[in-house]
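The figures here come from the full heavy-atom set of this structure, side chains too, leaving out hydrogens, waters and symmetry mates. Start at 1 with the first residue, then count along the sequence.
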Amino acid sequence: MPTKRAYQFRFYPDLQQEKLLAQTFGCVRYVYNSILRYRTDAYDQTQEKVSYLGANARLTAIKQWPESGRTLFHVLLV
């Protein structure tokens, strides 16, 4: 039986890193909530589920938005 292992790491970012992390997590949250809202609205209106490919197409459309800044664009590339 394989042994399960877990590792915990702690780091102490400086102020610049904290700002970048907060901005990145904010962008990730924005993208996730945008896709979730898109899928929820589509289901509420047509009673059909949006597939993974449909959500992925929406994500591609979000990348084209002019307000997607440098950090948001970086988050969407992953």
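- Proximity of Tyr43 to Val50: side-chain heavy atoms (C-beta onward) are nowhere separated by under 4.5 Å.
- The environment of CD in Gln16 is sparse: at most 12 heavy-atom neighbours from other residues, nucleotides or ligands sit within 6.0 Å.
- Atom-to-atom distance recorded for Thr40:OG1 and Gln45:CD is 11.0 Å, nearest 0.5 angstrom.
- No donor-acceptor pair under 3.5 Å is formed between the side chain of Ser34 and the backbone N or O of Tyr30.
- Its side chain outside the 4.5 Å cluster rule for every partner, Tyr12 clusters with none of the Ile, Leu, Val, Met, Phe, Trp and Tyr residues.
- At a threshold of 4.5 Å between non-hydrogen side-chain atoms, the residues Asp14 and Gln17 count as touching.
- Among all heavy-atom pairs drawn from Val31 and Leu59, the shortest one is CG1-CD1, 3.6 Å.
- When all heavy atoms are compared, the tightest approach of Arg39 to Ala55 is CD-CB, 4.2 Å.
- Grouped by direct or indirect side-chain proximity (heavy atoms under 4.5 Å, Ile/Leu/Val/Met/Phe/Trp/Tyr only), Leu36 sits with Tyr32.
- Applying the side chain to side chain donor-acceptor pair (under 3.5 Å) rule to Tyr52 yields no partners; only residues at least two apart in sequence or on another chain are considered.
- Hydrophobic clustering of Ile, Leu, Val, Met, Phe, Trp and Tyr side chains at less than 4.5 Å, counting indirect connections, keeps Phe11 apart from Leu15.
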